[in-house]
Amino acid sequence: MNGKTVMACMDAAYAALKEHTDEIAVLDQQIGDGDHIFNLLRGMEALLAVRADIEKETLEAALELAANKVLSTVGGSSGPLFFSLLNGMAKASANNPLDVAGTALMFAAGVEAVGQRGKTGVGSKTMMDVLIPVAARFKELATIESPALQKTVLDELPQVAEQNMLATRDMLATKGRASFLGERSRGHIDPGARSSQIMITAVCAQLARNRA
Ligand code: ADP
Ligand code: MG
């Protein structure tokens with residue numbers, strides 16, 4: 001994995017988000033202020049604009065560059081959170097061999113950094129409700145010894161992401177803008193959970209294509 005892998009994953013995530021623009025805009029209109037998808041797309045477009053700089057880097061430097069670009073272009077709550085994910089992954093990538101277990105630890109470190117930044121875990125109806133269970137299952141799967149482990153991981157993580165994204169519908173929001181709605185936040189999927197799930201699914205599909 002290197003800068004080219006990062007860019008290929010970003011391309012896949014961007015295309016998938018773009019396809020779901022209207023849906024995610026509506027989710028954030030229902031329990032937020034409607035800007036979530038546009039914040040994300042702006043950040044991803046800034047990344048795509050520095051493609052050549054990212055592609056020539058090592059994994060660590062590419063993730064760090066992407067993190068900084070995101071921080072300076074994505075607004076809202078999700079900008080600093082997305083920065084923390086990429087930056088946390090960049091830092092951990094230096095210490096881990098990038099086999100399945102190392103990649104799982106790298107992702108978990110990114111998610112932990114988001115948790116520290118946003119000061120929340122599972123159950124507050126945010127992107128963490130997708131990120132934490134995916135990171136946990138990733139680490140668990142990485143302990144299995146199987147020649148088909150990569151395929152298992154890439155098939156299963158999108159399912160974990162989807163189940164947990166759907167589960168945010170019935171939750172009460174206790175963090176971020178949606179928490180201002182109190183009980184009225186129930187009955188709507190969290191936009192950050194949906195965008196995270198879409199990106200995880202797209203990145204897994206991209207990595208599966210890379211393997212093939
Ligand atoms: P804003 O709420 O400032 O308009 P965005 O619309 O870009 O920011 O992002 C909203 C998303 O950010 C929510 O759907 C939720 O998933 C996520 N979020 C909000 N607060 C937190 C937090 N403290 N920790 C993790 N995620 C959060
Ligand atoms: Mg918003």
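Remember, it's 1-based here, ligands and their atoms both numbered in the order they're listed. Everything numeric here is computed off the predicted structure, so don't read it as measured data.
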Can you tell me which residue and heavy atom of the protein come closest to atom 6 (O) of ligand 1, and the distance to 0.1 Å? Asp35 OD1, 3.0 Å
Phe82 CZ to Met127 CE distance, which is reported to the nearest 0.5 Å: 9.0 Å
Can an N or O of Gly76 be found at a distance shorter than 3.5 Å from an N or O of ligand 1? no
Side chains of Thr5 and Asn2: is there a donor and an acceptor less than 3.5 Å apart? yes
With a 4.0 Å cut-off on heavy atoms, is Lys119 in contact with ligand 1? no
Distance filter under 4.0 Å to Gly192 heavy atoms, resulting ligand 1 atoms: 14 (O), 16 (O)
According to the side chain to side chain donor-acceptor pair (under 3.5 Å) rule, which pairs have a member within residues 80-91, sequence neighbours left out? Asn87-Lys91
Exercise: identify the closest heavy-atom pair between Leu17 and Ile37: O-CD1, 3.8 Å
Side chain, backbone, both or neither: Asp33 near ligand 1, heavy atoms under 4.0 Å: side chain
Counting both backbone and side chain atoms, is some N or O of Asp190 under 3.5 Å from an N or O of ligand 1? yes
Sorted by chain and number, sequence neighbours left out, side chain to side chain donor-acceptor pair (under 3.5 Å) with Ser77 holds for none
Would you mind running through ligand 1 and noting each atom that sits below 4.0 Å from a heavy atom of Lys175? 23 (N)
Under 2.8 Å from the Mg ion (ligand 2), which protein N, O or S atoms do you find? Ignore water molecules. Asp28 OD2, Asp33 OD1, Asp35 OD1
Arg209: which residues meet the side chain to side chain donor-acceptor pair (under 3.5 Å) condition with it, sequence neighbours left out? Gln206
Got more than 12 heavy atoms from elsewhere within 6.0 Å of CZ, Arg51? yes
For atom 7 (O) of ligand 1, which protein heavy atom lies nearest, and how many Å away is it? Ser78 OG, 2.5 Å
Among all protein heavy atoms, pick the one closest to atom 20 (N) of ligand 1 and tell me residue, atom and distance. Gly176 CA, 3.7 Å
Sub-4.0 Å heavy-atom approach of Gly32 to ligand 1: no
To the nearest 0.5 Å, atom CD1 of Ile24 lies from atom CG of Asn39 at 11.5 Å
Identify, by atom number and element, the atoms of ligand 1 in contact range of Arg177, meaning under 4.0 Å from any of its heavy atoms. 1 (P), 2 (O), 3 (O), 4 (O)
For ligand 1, which atoms, with element, lie under 4.0 Å from some heavy atom of Asn39? 5 (P), 7 (O)
For atom 9 (O) of ligand 1, grab the closest protein heavy atom and report residue, atom and distance to one decimal in Å. His36 ND1, 3.1 Å
Looking only at heavy atoms, is any part of Leu81 under 4.0 Å from ligand 1, and if so is it the side chain, the backbone, or both, or is it neither? side chain
Identify the two heavy atoms, one from Thr120 and one from Met128, that lie closest to each other, and give their separation to 0.1 Å. O-CE, 3.6 Å
Atom 12 (O) of ligand 1: closest protein heavy atom, distance to 0.1 Å, is Met127 CE, 3.9 Å
Looking only at heavy atoms, what is the nearest atom pair of Val111 and Leu85, with distance? N-CD1, 3.7 Å
At under 4.0 Å between heavy atoms, which part of Asp28 makes contact with ligand 1: side chain, backbone, both or neither? side chain
Closest non-hydrogen protein atom to atom 23 (N) of ligand 1, residue and atom name please, with distance? Gly118 O, 2.8 Å
What I want to know is whether Thr120 and ligand 1 share at least one N or O pair that is separated by under 3.5 angstrom. no
Salt bridge present between Asp33 and Arg177 (N-O < 4.0 angstrom): yes
Rounded at 0.5 Å granularity, tell me how far CZ in Phe138 sits from CD1 in Ile200. 10.5 Å
Can you list the steps and then say if Arg186 with Glu183 is a salt bridge (Lys or Arg N to Asp or Glu O under 4.0 Å)? CA-CA 6 Å; Arg186 289 197 208 268; Glu183 282 298 329; 2.7 Å; yes
Nearest protein heavy-atom contact for atom 8 (O) of ligand 1: which residue, which atom, what distance? Ser77 N, 3.0 Å
If every non-hydrogen atom of Val122 is compared with every non-hydrogen atom of Pro133, which pair is closest and at what distance? CG1-CD, 4.2 Å
Mind listing the closest non-hydrogen atom pair of Glu60 and Ala90 along with its distance? CG-O, 3.4 Å
